[in-house]
Undergrad: 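Before we start, here is the structure in question, set down as structure tokens.
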Amino acid sequence: MNNRIKQLFEHKKKNIVSIYITAGFPSLSDTLKIIKELDSVGVDMIEIGFPFSDPMADGPVIQQSSETAIENGMTLKVLFEQLKELRTVTQLPVLLMGYLNPVLQFGEVDFINKCHDTGIDGIIIPDMPLSYYQDNLQEFCNEKGISNTLLITPQTAVSRIHEIDNNSDGFIYMVSSNSITGGTNDNNLNTDYLERTQKLQLKNPQLTGFGIHDSASFNNASRYSSGCIIGSAFISHITKNGIEANSIKQFINNLHS
Amino acid sequence: MSAFSPDSNGFYGEFGGAFIPEMLYPNVQELQQNYKVIIDSKDFQEEFRMLLRDYVGRPTPLFYSKNLSEMFDTNIYLKREDLTHTGAHKINNTIGQILLAKRLNKKEIIAETGAGQHGVAVATTCALMNMDCTIYMGEIDIQRQGPNVEKMRMLGAKIVAVNSGSKTLKDATNEAIRQWINNPVDIHYIIGSVVGPHPYPDMVSIFQSVISEEIKFQLKEKTGRENPDCIIACLGGGSNAMGAFYHFIGDKKTRLIAVEAGGKGVYSGKTAATIALGKKGIIHGSKTYLIQTEDGQIVEPHSISAGLDYPGIGPAHSYLHDAGLSEVVNVTDDEALSAAFTLSQKEGIIPALESAHALAYLSKVKFKKDDIVVVNLSGRGDKDMLTYKKHLGL
């Protein structure tokens, strides 16, 4: 598979910044505006979260932005309408991230087709088990060039990490510690596990996520992987500071300070 | 004991499974690999049976309700789960799960609760077993189930008020799952119904199956036959119904009727009648019927009874329904209230609002004069006195 995700990791081995946004938040029509802005301030990859009413792996920040997005009228149908213009605003790798139930109601095959048609490069569905993916979607994703990103955590057994590595084709999402999204405790970073994983020499590169919220946690986590995924901290920032003017630029600059 | 089981991946036909984030995979896998071996072990069975007998007060009576039988012109027996310690069937499961948690060396118990019956049962069992206990409960449920909240506190449990989402049972469940993710090694999560990822539906079914096991031998003693013509139970997540049905599943001699909470009416927008309205999807880690929007967002249900106020049902119930092995019906809030009033005044038993749904169905179906009908009286009504007072002009 040779999509934009692969290309990114081939060209950049360190300090990759991937930003998570909630589709339809703060306002329904903000999705592409934010993507355009993120592109212009130099992030490397974007994850668009499609909202779910019961996001069990997420903390209060993303749950709240998801609730707002749902109230704003965001659905997968609306999102794919918006994404028709995606490739006119950015050439960065873009993934869709969300829970399995909305995908099932939309139709799994339609979902992957729409991803392909709108130029989405990959998907992250935290509550879709690897075995379910293998039985139902892997072949079709491969055919359409959509990569599936799986998560590992400090509790994931080495044998399972290898199994996940063998079934990944973009990058591995390394959950930084035992936590839901949005933690801000710097001591939370489980460095033993990050080091251990680094030594496994996996074929897929890794990005660290969960709890990355400032330059210190970004730099710390980046030492053990190709870069970081930032979600709750970004959502909190735009909730407080909006998306206009230099707000987004400031957030990204602070990360590199 | 495991007469009715899912396959090795936790599927009942197409329903069930374990749709969980990777963070929960090791915990859930640990349970999947160990639960049957532990439950089947002699030492577990001895302790479980002893506690059910001497602490919970089992077997619970199977009571021939003469007055209801006359009223409905048939033979009605009440399975008196309301007489267990803590006043509902929920404790059968919490005893089983805490014994399991001990054997898995877990240090702390968490649980969700809606009506508070499961929460009280968990807090009780944790006190007995000297385990730390945290109960997640929606803010709205805390307001409407005051007496149970005080009981849990008195029993030494920590109560966490959940104010995310709709502030009721489904959100309490989300929060409990999140806490489990945050501390996967030390915590055992005691789910209170036959819902959640595999092995919970099967595990909870096995612990609750003592209800139908007792119905069999008690009915045989009283009538000479093991099988009633019909068993009626209320259905929220479905643990009391599964317990009452378990040993009769697939036996054509016995009709199994599950009564959902119709709320203000199935098409009123204020209902918890999952089978009547639901579409297949994923909720709390398993594939089942659930009430949801076209876009797959889970809809907040309504029932006058906090224990039935859940947008999904256990995957085994989805399977039983689709396979034609059970009948799923519903009654409204008002019908349940009226049935609670009837049982109170005809037999001197104040039922829980949940159980009143099962009773309410008696007046909607015609049984033959010599039929034997067992209604599972899953809990007592003490906790619902405020609601009864408000609605019945007491």
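We use all heavy atoms of the structure for the numbers below, so side chains are in, but hydrogens, waters and symmetry mates are not. Residue numbering restarts at 1 for every chain, and letters A, B, ... go by the order of the sequence lines.
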Undergrad: Counting heavy-atom pairs under 4.5 Å with chain A, which one of B:A18, B:P21, B:S166, B:G165 comes out on top?
TA: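 Ranked by heavy-atom pairs under 4.5 Å with chain A, first place is B:P21.
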
Undergrad: Under a 4.5 Å heavy-atom cut-off, does chain B meet the side chain of A:L130, its backbone, both or neither?
TA: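 Contact with chain B: none, neither part.
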
Undergrad: Measure from the side-chain N and O atoms of B:N174 to the backbone N and O of A:M56, and report whether any donor-acceptor pair falls under 3.5 Å.
TA: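 Checking the backbone N and O of A:M56 against the side chain of B:N174, no donor-acceptor pair under 3.5 Å is found.
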
Undergrad: Can you tell me how far apart CG (B:L24) and CD (A:Q155) are? Round to the nearest 0.5 Å.
TA: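 With rounding to 0.5 Å, CG (B:L24) is 11.0 Å from CD (A:Q155).
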
Undergrad: Do B:R178 side-chain atoms and A:A57 backbone N/O form a donor-acceptor pair below 3.5 Å?
TA: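 Pair absent, no side-chain N/O of B:R178 close to backbone of A:A57.
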
Undergrad: Name every donor-acceptor pair, under 3.5 Å, that has one atom in a side chain of residues 311-320 of chain B and the other anywhere in the protein, sequence neighbours excluded.
TA:
unit_1: B:H317; atom_1: NE2; unit_2: B:G238; atom_2: O; d: 2.8
unit_1: B:S318; atom_1: OG; unit_2: B:T288; atom_2: OG1; d: 2.6
unit_1: B:S318; atom_1: OG; unit_2: B:Y289; atom_2: N; d: 3.1

Undergrad: Non-hydrogen atoms of chain B under 4.5 Å away: do they reach the side chain of A:P154, the backbone, both or neither?
TA: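 Neither part, no heavy atoms under 4.5 Å.
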
Undergrad: Please say whether more than 12 non-hydrogen atoms of neighbouring residues, nucleotides or ligands are located less than 6.0 Å from NZ in B:K106.
TA: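 Correct, the count exceeds 12.
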
Undergrad: Count the heavy-atom pairs under 4.5 Å between each of A:P60, A:S66, A:P126 and chain B, then report the option with the highest count.
TA: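 Highest number of pairs under 4.5 Å: A:P126.
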
Undergrad: Using non-hydrogen atoms and a 4.5 Å limit, figure out which bit of A:L76 sits close to chain B: side chain, backbone, both or neither.
TA: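 The answer is both parts of A:L76.
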
Undergrad: Measuring only between side-chain heavy atoms, which start at C-beta, is B:K170 closer than 4.5 Å to A:D54?
TA: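 Contact flag for B:K170/A:D54 side chains = yes.
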
Undergrad: Should B:I282 and A:L104 count as side-chain neighbours, where that means a heavy-atom distance under 4.5 Å?
TA: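 Result yes, sub-4.5 Å side-chain heavy-atom pair found.
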
Undergrad: Is any NZ, NE, NH1 or NH2 atom of the basic residue among A:K77 and B:D295 found under 4.0 Å from an Asp or Glu carboxylate oxygen of the other?
TA: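 The answer is no: the pair does not qualify as a salt bridge.
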
Undergrad: Please determine, by modelled atom types, if A:Q105 and B:E294 share a side-chain donor-acceptor pair under 3.5 angstrom.
TA: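 The answer is no; no qualifying pair exists.
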
Undergrad: Can you tell me which residue pairs pass the side-chain hydrogen bond (donor to acceptor under 3.5 Å, both in side chains) test with a partner in residues 271-283 of chain B, sequence neighbours excluded?
TA: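 side-chain hydrogen bond (donor to acceptor under 3.5 Å, both in side chains) check on residues 271-283 of chain B returns B:E14-B:K280.
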
Undergrad: Let me know if A:Q63 has heavy atoms under 4.5 Å from chain B in its side chain, its backbone, both or neither.
TA: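 It is the side chain, since no backbone atom gets that close.
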
Undergrad: Under a 4.5 Å cutoff for heavy-atom pairs, which residue among A:P51, A:G59, A:A157 has the most contacts with chain B?
TA: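 If we count pairs closer than 4.5 Å to chain B, A:P51 comes out on top.
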
Undergrad: Side chain from CB out, backbone as N, CA, C, O: work out which of these in A:F106 comes under 4.5 Å of a heavy atom of chain B, or both, or neither.
TA: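 Looking at A:F106, nothing touches chain B.
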
Undergrad: How would you list, by chain and number, every residue that makes a side chain to side chain contact (heavy atoms under 4.5 Å, CB included) with B:S239, sequence neighbours excluded?
TA: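 Residues passing side chain to side chain contact (heavy atoms under 4.5 Å, CB included) with B:S239: B:H89, B:K90, B:S193, B:V194, B:V204, B:Q208.
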
Undergrad: Report which part of B:F19 has an atom under 4.5 Å of a heavy atom belonging to chain A: side chain, backbone, both, or neither.
TA: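 Looking at B:F19, backbone and side chain both touch chain A.
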
Undergrad: So for B:V299, is it side chain, backbone, both, or neither that comes closer than 4.5 Å to the heavy atoms of chain A?
TA: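 Nothing of B:V299, per the 4.5 Å heavy-atom cut-off to chain A.
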
Undergrad: Within the 4.5 Å heavy-atom criterion, are A:E67 and B:Q297 side-chain neighbours or not?
TA: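 No, side chains not in contact.
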
Undergrad: I'd like to know if the side chain of A:N101 reaches the main chain of B:G296, judged simply by a donor and an acceptor atom lying under 3.5 Å from each other, with no hydrogens or angles considered.
TA: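 Here the side-chain-to-backbone pair exists.
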
Undergrad: Can you tell me which portion of B:I283 sits under 4.5 Å from chain A's heavy atoms? Options are side chain, backbone, both or neither.
TA: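 For B:I283, no heavy atom lies under 4.5 Å from chain A.
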
Undergrad: NZ of B:K102: more than 12 outside heavy atoms within 6.0 angstrom?
TA: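 Atom NZ in B:K102 is packed in, count exceeds 12.
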
Undergrad: What part of A:L151 lies closer than 4.5 angstrom to a heavy atom of chain B: side chain, backbone, both or neither?
TA: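 Contact with chain B: backbone and side chain both.
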
Undergrad: Assess the residue pair B:I181 and A:T153 against the criterion (side chain to side chain contact (heavy atoms under 4.5 Å, CB included)); give the C-alpha distance rounded to whole Å, side-chain angles, the decisive distance to 0.1 Å, and a yes or no.
TA: CA-CA 10 Å; B:I181 288 174; A:T153 82; over 6 Å; no

Undergrad: Which of residues 194-205 of chain A get closer than 4.5 angstrom to chain B, counting heavy atoms alone?
TA: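 Checking residues 194-205 of chain A against chain B gives no residue, so none.
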
Undergrad: State, with a plain yes or no, whether a side-chain heavy atom of A:Y132 is found less than 4.5 Å away from one of B:K287.
TA: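 A side-chain contact is absent here, since even the closest heavy-atom pair is not under 4.5 Å.
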
Undergrad: Would you say the side chain of B:E22 lies within less than 4.5 Å of the side chain of A:R160, judging by non-hydrogen atoms?
TA: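 Side chain of A:R160 against side chain of B:E22, heavy atoms only: contact under 4.5 Å found.
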
